[in-house]
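Excluded from the calculations below are hydrogen atoms, water molecules and symmetry mates; all remaining heavy atoms, backbone and side chain alike, are included.
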There are 2 protein chains.
Amino acid sequence: MKNHHPVTPKEERLAQILAKIKGRDFRLTPQRLAILNILAASEDHPSVDDIYKEVRNRFPTTSIATVYKTIALLKELNEVLELGFPDGSNRYDGHRPYPHPHAICTRCRKIMDPEISSVDELSEEMKKKTGYSFSFHRLDFFGLCPECQKNSRK
Amino acid sequence: MKNHHPVTPKEERLAQILAKIKGRDFRLTPQRLAILNILAASEDHPSVDDIYKEVRNRFPTTSIATVYKTIALLKELNEVLELGFPDGSNRYDGHRPYPHPHAICTRCRKIMDPEISSVDELSEEMKKKTGYSFSFHRLDFFGLCPECQKNSRK
DNA sequence: CATATAATTGATAATAAATATCAATAGATA
DNA sequence: TATCTATTGATATTTATTATCAATTATATG
Ligand SMILES: [Mn+2]
Ligand SMILES: [Mn+2]
Ligand SMILES: [Zn+2]
Ligand SMILES: [Zn+2]
């Protein structure tokens, strides 16, 4: 048989996304499925261009517009987290589509996902001080990753 | 005499900025001084267009390019904090030019500056978990401000 | 399987904020 | 006041994203 239950974490993640897609009048084209696979499997927060290049390895006729449209679809379904940057170098997390803190290297642009416990505390203090009711957040810490720290020590 | 020591907080803040400007071959034009005044006095994180409109009240011939160039100058001097957003609706804090958390209303776009004590803790945990050496951060919490919460309860 | 429907694709045009360009203007200094 | 050059203002350029639309193709149905 061709279909089977998901076993690896990324198969699991893809299955979650496909379940949401099935809900509406969405169609499963090869290009779209390839993009979903890339996003579900990615741990390194790829850019639109990263995704575009990778999907073109398998489907060389794919348009960049299709990548944008698939990402827009996933955003609507809350199945991808967009890390937008004002210089246009946007990055995407299809692995963890909910808000979480990021460590961003200003030299090599590597973005990491640490498990952080003190976010709730900060959020609670923000709420108390401002009276806002928060629905999401964006927590970015910028600096040098361990590797770039070594390289900059010459 | 015309010059006097700064007494109000915003005069104090303007004096800080002017001190940095004096250092190099910078010139004090009326337009530039007006923009500096607006940014030093502002508590509400104005946009480029907000600043542009306000400065044109006093100097109607001012170009938007001059606003951009003055902001670029202040960024170089680390005397303004730029809150860049991927949709291009950038906002500026000339009052507190260092990284700090913001509460952002998704409805009326009001941005607040609460005094938060638990940032260091979060930063420390990030550092321990990732090994990054951070130099700045961006901490945004999005939701409804108290006023917009009232209005949305109909 | 053949057919109908409409969602999707791919190519391209349009959009818009930020930046670059450059001749004209006007601070700063002596 | 004259000189020098930083700055201005108008405009062109850049570039990521969005919009457009005819052609294609996934899907359901008989
Ligand atoms: Mn992430
Ligand atoms: Mn602020
Ligand atoms: Zn790095
Ligand atoms: Zn509000």
- May I ask you to evaluate whether A/S63 reaches the phosphate of C/dT9, defined as a side-chain N or O under 4.0 Å from OP1 or OP2? no

- Message: Taking the minimum atom-to-atom distance to the side chain of B/R32, which one of C/dA18, D/dT7, C/dT8 wins?
- Response: D/dT7

- Do A/I38 and A/D50 come close enough that some side-chain heavy atom pair is under 4.5 Å? no

- Using whole Å, report how far CG of B/D25 lies from P of D/dT7. 8 Å

- Item | Candidate nucleotides D/dA6, C/dT9, D/dT8, ranked by approach to the side chain of B/T66 - the nearest | D/dT8

- Query: According to a strict under-4.0 Å criterion, is A/Q31 in side-chain N/O contact with OP1 or OP2 of D/dT25?
  - Reply: no

- Query: What integer distance in Å separates B/R24:CZ from C/dA28:P?
  - Reply: 17 Å

- May I ask you to verify if any side-chain N or O of A/Y68 is less than 4.0 angstrom from the OP1 or OP2 atom of D/dT17? yes

- Item | Cationic N near anionic O, under 4.0 Å, B/E115 to B/R96 | yes

- Just how far, in rounded Å, is P of C/dA18 from CZ of B/F85? 12 Å

- Starting at atom CG of B/L36, determine the distance to atom C1' of C/dG27, rounded to an integer number of angstrom. 15 Å

- When only distance counts, do a donor and an acceptor, one from the side chain of B/R27 and one from the base of D/dT5, lie under 3.5 Å apart? yes

- Query: Between B/K69 and B/G88, which has a closest nucleotide on DNA chain C that is more 5'?
  - Reply: B/G88

- Value in whole Å for how far the P atom of C/dT8 lies from CG of A/L28: 10 Å

- Item | B/F59 or B/P86, whichever maps to the more 5' nucleotide of DNA chain D | B/F59

- Under 4.5 Å between any side-chain heavy atoms of B/Y92 and B/S47, yes or no? no

- Message: Does either side chain, that of B/H100 or that of B/D93, offer a donor lying less than 3.5 Å from an acceptor on the other one?
- Response: yes

- Query: Separation of A/L74 atom CG from C/dT8 atom P, in whole Å?
  - Reply: 12 Å

- Rounded interatomic separation in angstrom, taking CD from A/E76 and P from C/dA7: 14 Å

- Compare all side-chain heavy atoms of B/I104 with those of B/F85 and state whether any distance is below 4.5 angstrom. yes

- Message: From C-beta outward on A/N90, which listed nucleotide comes closest to its side chain: D/dT17, C/dT9, C/dT21?
- Response: D/dT17

- Message: Categorize B/T62 for me: base, sugar-phosphate, or nothing, with a 4.0 angstrom heavy-atom threshold over every strand shown.
- Response: sugar-phosphate

- Task: Would you mind telling me which of D/dT7, C/dG27, C/dT21 lies closest to the side-chain atoms of B/P30?
- Result: C/dG27

- Message: Using a 4.0 Å heavy-atom cut-off, does B/I64 contact any base of the nucleic acid, only the sugar-phosphate backbone, or nothing at all?
- Response: nothing

- Query: Considering only heavy atoms from C-beta outward, does the side chain of A/T70 approach that of A/I51 to under 4.5 Å?
  - Reply: no

- Message: Without decimals, in angstroms, what is the distance between A/K22 NZ and D/dT27 C1'?
- Response: 13 Å

- Task: Ignoring backbone atoms, establish whether A/T29 has a side-chain N or O less than 4.0 Å from OP1 or OP2 of C/dT9.
- Result: yes

- Message: Under 4.0 Å, counting only non-hydrogen atoms across every strand here, what does A/T61 touch: a base, just sugar-phosphate, or nothing?
- Response: sugar-phosphate

